[in-house]
There are 2 protein chains.
Amino acid sequence: MSTRREAVKQALNEASGFRSAQDLYADLRAEGSKIGLTTVYRALQALSDSGEVDVLRTDEGEAVYRACASDSHHHHLVCRGCGRAVEVEGPAVEKWAEAVGAKHGFTDVTHTVEVFGTCADCSARVN
Amino acid sequence: MSTRREAVKQALNEASGFRSAQDLYADLRAEGSKIGLTTVYRALQALSDSGEVDVLRTDEGEAVYRACASDSHHHHLVCRGCGRAVEVEGPAVEKWAEAVGAKHGFTDVTHTVEVFGTCADCSARVN
DNA sequence: GTCATTTTGACAATCGTTTTCGTTTTCGGC
DNA sequence: GCCGAAAACGAAAACGATTGTCAAAATGAC
Ligand SMILES: [Zn+2]
Ligand SMILES: [Zn+2]
Ligand SMILES: [Zn+2]
Ligand SMILES: [Zn+2]
């Protein structure tokens, strides 16, 4: 694995929440790296292809990435305020999704499930 | 409600699946309308703001819209092949999402849940 | 060191979407 | 029916995220 990809992976590891390519580019430049934006995009593409990082889309359509501790199937509880994310599992949801697909004759069923909220810290900050 | 917005809403009603702004623009022009792309975007913005249509993002980040029969909270089972969508409910998922948020001290909890698969027709078409 | 291969990054191009802004249409008052 | 204000339109420009291009730089045999 190349040095640049390592750098991007590490920048992601240092973040607790989901970050966009541009966020990571800014982070890396801020800490002195001479990396280019194109390379950040390429690294993220490779990392998500290999399943090393999770990707999801914001409401605005921007792709955001996260290096998750769990490498098995899971979902996220994401703070709208600070972006912090918690990995969560939902066996009931997995079964429900499968059942829903089957009931309507769909095959090769997958799903996207994300939970959003305001974390305790962010709630406190507002009050 | 203006005539243009009606036209967009109707175009959506005639589709069984999720459609992008550009799709709808093409549909309308194809049937002779002189509507502009800007107006399609504006109509969709208004329709989704008022909750008359559902929006979601494709993996590529494109916004797609659907005029759903149900006006209460629900999710979708979407065919990857033809885009056809079925409205589905999942009380268990609703409770799970709430519980997950609460367990981690998150407030103002919402969620996005979509199920994807290949519908029976599309499965048959391939074989 | 030399040559071939891979990686990189500045820049241009693409694509969906939004903004701008002048024109057209709608509509209430006359 | 006619007039002016307000709302709706649409073409074109602007935008922002992402991808493509291509020449320079790093890497790795030999
Ligand atoms: Zn927070
Ligand atoms: Zn799942
Ligand atoms: Zn289908
Ligand atoms: Zn729900």
Side-chain angles (χ1 to χ4, degrees), chain A residues 1-12 15 17-67 78 80 83 85 112 114, chain B residues 1-12 15 17-67 78 80 83 85 112 114:
Chain A
M1 183 180 299
S2 79
T3 283
R4 290 311 200 190
R5 189 173 306 177
E6 298 264 17
V8 171
K9 179 97 188 267
Q10 191 188 335
L12 258 186
F18 282 89
R19 312 229 71 198
S20 71
Q22 320 248 2
D23 287 344
L24 291 166
Y25 172 68
D27 292 349
L28 287 162
R29 298 292 287 206
E31 60 187 48
S33 169
K34 292 287 183 298
I35 198 171
L37 182 54
T38 307
T39 304
V40 175
Y41 274 104
R42 273 193 291 243
L44 288 171
Q45 185 69 255
L47 287 168
S48 70
D49 283 353
S50 75
E52 289 179 77
V53 307
D54 287 5
V55 198
L56 59 84
R57 293 265 170 189
T58 66
D59 283 348
E60 294 77 39
E62 193 177 13
V64 288
Y65 305 81
R66 183 171 195 270
V78 185
R80 267 188 295 266
T112 65
E114 306 298 336
Chain B
M1 186 180 299
S2 78
T3 282
R4 291 311 199 189
R5 189 173 306 177
E6 298 263 17
V8 171
K9 180 97 188 267
Q10 190 188 335
L12 258 186
F18 283 89
R19 313 230 70 197
S20 72
Q22 321 243 6
D23 288 344
L24 292 166
Y25 172 68
D27 292 349
L28 288 162
R29 298 292 286 207
E31 60 186 49
S33 170
K34 292 286 182 297
I35 198 170
L37 182 54
T38 307
T39 305
V40 175
Y41 275 105
R42 273 193 289 244
L44 288 171
Q45 185 69 256
L47 287 169
S48 71
D49 283 353
S50 75
E52 287 179 77
V53 307
D54 288 4
V55 199
L56 58 85
R57 295 263 170 190
T58 66
D59 283 349
E60 294 77 41
E62 192 177 13
V64 288
Y65 305 82
R66 184 173 195 269
V78 186
R80 266 187 296 266
T112 66
E114 305 299 334

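All chains are named by letter (A, B, ...) in the order of the sequence lines, taking the proteins before the strands, and each is independently numbered beginning at 1. Quick caveat, the model's predicted, so the values are computed rather than measured.
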Work out which heavy atom in [X] is nearest to a heavy atom in [Y]; give both atom names and the distance.
{"X": "A:V55", "Y": "A:Y65", "value": "CG1-CE2, 3.7 Å"}
{"X": "B:V53", "Y": "B:A67", "value": "CG1-CA, 4.3 Å"}
{"X": "A:V40", "Y": "A:V8", "value": "CA-CG2, 4.3 Å"}

Atom [atom1] of [X] to atom [atom2] of [N]: distance rounded to whole Å?
{"X": "B:Y41", "N": "D:dC9", "atom1": "OH", "atom2": "C1'", "answer": "17 Å"}
{"X": "A:K34", "N": "D:dA24", "atom1": "NZ", "atom2": "P", "answer": "21 Å"}
{"X": "B:R5", "N": "D:dA8", "atom1": "CZ", "atom2": "P", "answer": "7 Å"}
{"X": "A:I35", "N": "C:dA10", "atom1": "CD1", "atom2": "C1'", "answer": "14 Å"}
{"X": "A:Y25", "N": "C:dG9", "atom1": "OH", "atom2": "P", "answer": "9 Å"}
{"X": "A:R29", "N": "C:dA10", "atom1": "CZ", "atom2": "P", "answer": "6 Å"}
{"X": "B:L56", "N": "C:dG16", "atom1": "CG", "atom2": "C1'", "answer": "16 Å"}
{"X": "B:D23", "N": "C:dT17", "atom1": "CG", "atom2": "C1'", "answer": "14 Å"}

Separation of B:R42 CZ from B:L37 CG (nearest 0.5 Å):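 Result: 10.0 Å between the selected atoms.
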Check every atom of [options] against the side chain of [X] and return the nucleotide holding the closest atom.
{"X": "B:A21", "options": "C:dT17, D:dA12, D:dT18", "result": "C:dT17"}
{"X": "B:T38", "options": "C:dC11, D:dG10, D:dT18", "result": "D:dG10"}
{"X": "B:E62", "options": "C:dT8, D:dT19, C:dT17", "result": "C:dT17"}
{"X": "A:R4", "options": "C:dA10, C:dT8, C:dT18", "result": "C:dT8"}

Taking atom types as they are modelled, is there a donor-acceptor pair under 3.5 Å from the base of D:dA8 to the side chain of B:T3?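 No such pair is found, so the answer is no.
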Answer yes or no: side-chain N or O of A:S20 and base N or O of D:dA17 forming a donor-acceptor pair under 3.5 Å.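 Absent.
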When you measure from the side-chain N and O atoms of A:Q22 to the phosphate of D:dG16, is any distance below 4.0 Å, counting only OP1 and OP2?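 For D:dG16, neither OP1 nor OP2 has a side-chain N or O of A:Q22 closer than 4.0 Å.
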Looking at A:T39, I'd like to know whether one of its side-chain N or O atoms comes within less than 4.0 Å of OP1 or OP2 on C:dG9.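 Yes, within the criterion.
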B:Y65 or B:R42, whichever maps to the more 5' nucleotide of DNA chain C: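 Looking at DNA chain C, the more 5' nearest nucleotide goes with B:Y65.
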With no hydrogens and no angle check, do the side chains of B:S50 and B:E52 hold a donor and an acceptor under 3.5 Å apart?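 Distance-only check passes for B:S50 and B:E52.
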